[in-house]
Amino acid sequence: MELFAPIADAILKAFPSLEPADLVFSPAPKPGMGDMALRAFLPAKRLGIAPPDMAKRIADETSFGPEVKSTALAGPYVNFHIDRAFFGRRLADHVFDMGAYFGSGATGAGKTALVEHTSINPNASPHVGRARNAMIGDSIVRLLRFEGYDVSVHYYVNDMGRQIGLLVLAIEEKVGVLAEGAEPDIRFEEVLDAYVQANQRAEDDESFAAKGYSLLARMEEGDPETRAKFHAVTNLCLNGQILVLARLGINYDVFDRESNFVRDPRLDAIVAALQARNAVFTDEEGRLVVDLSALGHTQEEGRYFVLMRANGSSMYGYRDLAYTIHKMEQCADLNLIILGEDHKLYAQQQSMILEAAGHQYPEAVYYAYIVLKDGKMSTRQGKVVLLSDFLDEAARRSAEKVEEQCRDLSPEERRSIAIKVAVAAVRFAILRVNPNKNVVFDWESSLSFSGDTGPYVQYSCARIASILRKYGMDVPPVSGSFTMETDAEWLLCLKLSEFPTVVQTALSQRSCAPIAQYVLDAARAFTTFYHECPVLDAATPALRDSRAQLCAATRQTLRNALGLLGIEIVDRM
RNA sequence: GCGCCCGUAGCUCAGUGGAUAGAGCGCUUGCCUCCGGAGCAAGAAGUCGCGCGUUCGAAUCGCGCCGGGCGCGCCA
């Protein structure tokens with residue numbers, strides 16, 4: 001919010017050639033130096049004078065209102081001593097007015113967005129590496145919705161391919177022939193083992209691998225019996241995956257099946273467009289190959305992109321072209337896809353091919369992998385930490401804590417709290433790091449409940465709830481006066497006022513990591529306030545009311561910010 | 001080899017041109033008759049990978065190295 005708009009307006013009145021964006025306010029390095037500072041660099045550039053001179057002119061030539069008590073020059077900075085209570089009142093009013101929307105810039109109002117994320121192969125229980133995609137995607141979805149976008153969340157179900165063919169064979173050997181409409185007699189949790197075994201066997205046994213290919217070929221021809229087998233297996237896996245992801249609060253609107261895009265008529269137009277550019281050829285072994293150098297690709301690496309095998313079956317990347325066109329047709333405003341960094345070249349190739357045919361590729365958001373201490377995870381090799389195991393352990397640990405802290409609550413209430421705390425620990429641990437950094441997975445640090453963690457922030461909220469319970473009303477009355485005595489109160493105010501800016505930063509970076517960082521800063525600012533400023537035992541009733549309002553404003557801000565991360569606040573924990 | 005990403009305290013990470021580079025974990029020392037100790041206060045710990053440049057000013061921008069991750073024609 002423009003907390004300092006009254007000050008900015010006064011300066012703009014004195015210097016009409018300045019733009020509002022030139023006036024950047026920030027906290028002073030130390031409260032003793034001032035309540036907040038204005039940097040003179042941008043205004044100085046605008047007026048073509050030296051920053052220290054600009055600072056002096058602003059201080060001298062602006063007629064400030066009574067909310068400015070004094071100014072002090074410090075080189076290129078103007079430090080302000082202001083009426084803190086005036087701005088505290090302004091901040092609290094604004095937060096209460098906006099409520100659940102405090103922080104939103106409403107930049108998506110009237111717009112639609114389509115986000116594809118997760119899109120795990122339906123072959124086994126998801127591991128925590130895959131979950132990074134889902135959590136990043138889900139948080140971006142929450143951010144876009146907060147900004148007012150009408151968002152549709154898509155999950156691409158890769159229900160084709162050799163891997164699935166092999167899995168079908170392996171499961172049939174285990175439980176008998178898969179028939180149309182019948183549920184396979186195998187639990188979701190057992191599929192990972194079957195998948196690992198199937199891949200191992202395909203490596204060792206050529207005839208088994210060949211059977212996988214021929215099953216895939218029948219699938220692609222549209223053979224109804226084969227389709228039923230594939231669907232039986234992929235549905236089992238997809239349903240299992242959705243349940244695990246739902247535990248993290250991650251949900252989807254649309255499931256798009258790859259098998260629906262096999263013989264898509266739109267693909268013919270693409271090949272025609274490539275032919276017109278002389279960018280596609282059939283190689284000596286009969287494969288249909290795109291030569292991207294004809295489309296402006298300059299490197300030798302990634303120059304060739306195979307669309308179809310010699311036996312006439314299509315590659316994943318071919319079917320994906322049709323799917324992308326399908327998505328783009330549905331949403332013009334903002335079309336995002338969350339991809340692992342290993343897909344960068346692939347996405348570039350897809351983009352070039354589509355552009356050659358007059359289409360566009362979505363805006364890609366990349367993330368680096370979560371790796372184990374001894375290398376990357378691999379579902380195919382069974383070298384994974386399963387998301388469900390990870391969540392179970394997080395829930396077990398938080399339940400232990402809640403048991404000892406909340407004995408007066410019912411078992412159901414305690415369970416609900418324990419789950420929220422576990423989700424907070426897991427989501428926060430993943431989301432707080434910059435997505436393009438590798439994360440080395442470590443059970444202890446990602447399940448920690450103390451320090452820079454989601455539960456630490458929830459704990460601040462629980463303390464606020466506790467104070468407000470004793471204070472006696474949910475939201476303190478908005479009264480005309482506001483009282484503020486300490487630096488801690490003021491610094492908390494400043495921190496809360498930064499939230500809308502942080503949301504815009506996250507939006508432009510397409511990352512919720514700044515939100516996570518912000519939430520920690522805000523919780524720390526609150527904790528300092530909490531220790532230095534008694535609320536219920538405040539010296540005067542006016543101070544007590546003001547501090548209670550600050551508590552409520554903090555809780556609203558934390559609730560909104562944590563919501564973007566998919567973390568719920570709790571009143572008890 | 002080529003392309004993209006990363007390199008900041010012992011460890012995990014913030015800090016996308018501005019005041020003395022900040023947190024957490026771990027370590028040392030204190031703090032629960034005091035609104036919740038999942039917490040707080042204090043201390044020790046840094047050639048911001050290395051070098052050269054741009055700038056009044058660089059952890060931040062450019063170039064070159066070094067180290068790590070990912071990718072580079074019939075996997076998805």
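Bear in mind that the values here come from a model prediction, so they are computed numbers and not experimental data. Chain letters run A, B, ... following the sequence lines, proteins first, then strands; residues in each count from 1.
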### Query
If you find the nucleotide of RNA chain B closest to A:Ile417 and the one closest to A:Ser508, which residue's nucleotide is nearer the 5' end?
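Looking at the nearest nucleotide for each, A:Ser508 comes out on the 5' side.
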
Can you tell me, in whole Å, how much space there is between the [atom1] of [N] and that of [M]?
N      : M      : atom1 : result
B:rC70 : B:rG10 : P     : 26 Å
B:rC4  : B:rU12 : P     : 26 Å
B:rC11 : B:rG3  : P     : 30 Å
B:rA45 : B:rC2  : C1'   : 41 Å
B:rG39 : B:rA23 : C1'   : 16 Å
B:rC61 : B:rG1  : C1'   : 28 Å

### Task
Give A:Asp571 one of three labels, base, sugar-phosphate or nothing, depending on what nucleic acid heavy atoms sit under 4.0 Å from its own.
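A:Asp571: base contact, heavy atoms under 4.0 Å.
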
### Message
Is A:Ser466 close enough to B:rG36 that one of its side-chain N or O atoms is under 4.0 Å from OP1 or OP2 there?
### Response
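Yes.
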
### Query
Are A:Arg309 and B:rC75 close enough that a side-chain N or O sits under 4.0 Å from OP1 or OP2?
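For A:Arg309, the contact criterion (side-chain N or O under 4.0 Å from OP1 or OP2 of B:rC75) is met.
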
### Task
Specify the glycosidic conformation (syn or anti) of B:rC32, with syn defined as within 90° of 0.
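B:rC32: syn.
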
### Query
Does a salt bridge link A:Glu568 with A:Arg559, judged by any charged N lying under 4.0 Å from a carboxylate O?
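Between A:Arg559 and A:Glu568 there is no salt bridge, as every charged N stays at least 4.0 Å from the carboxylate O atoms.
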
### Carboxylate-amine/guanidinium contact A:Glu221 A:Arg218, below 4.0 Å
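No salt bridge links A:Glu221 with A:Arg218.
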
### Query
What about A:His343 and A:Tyr366, are their ring centers closer than 6.0 Å?
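Distance test on ring centres: not under 6.0 Å, no.
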
### Query
Does the separation of the ring centres of A:Phe529 and A:Phe526 fall below 6.0 angstrom?
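Yes; A:Phe526 has its ring centre under 6.0 Å from that of A:Phe529.
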
### Query
Does the ring of A:Tyr304 meet both stacking tests against the six-membered base ring of B:rG73: centre distance under 5.5 Å and plane angle under 30°?
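One would call A:Tyr304 stacked on the B:rG73 base.
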
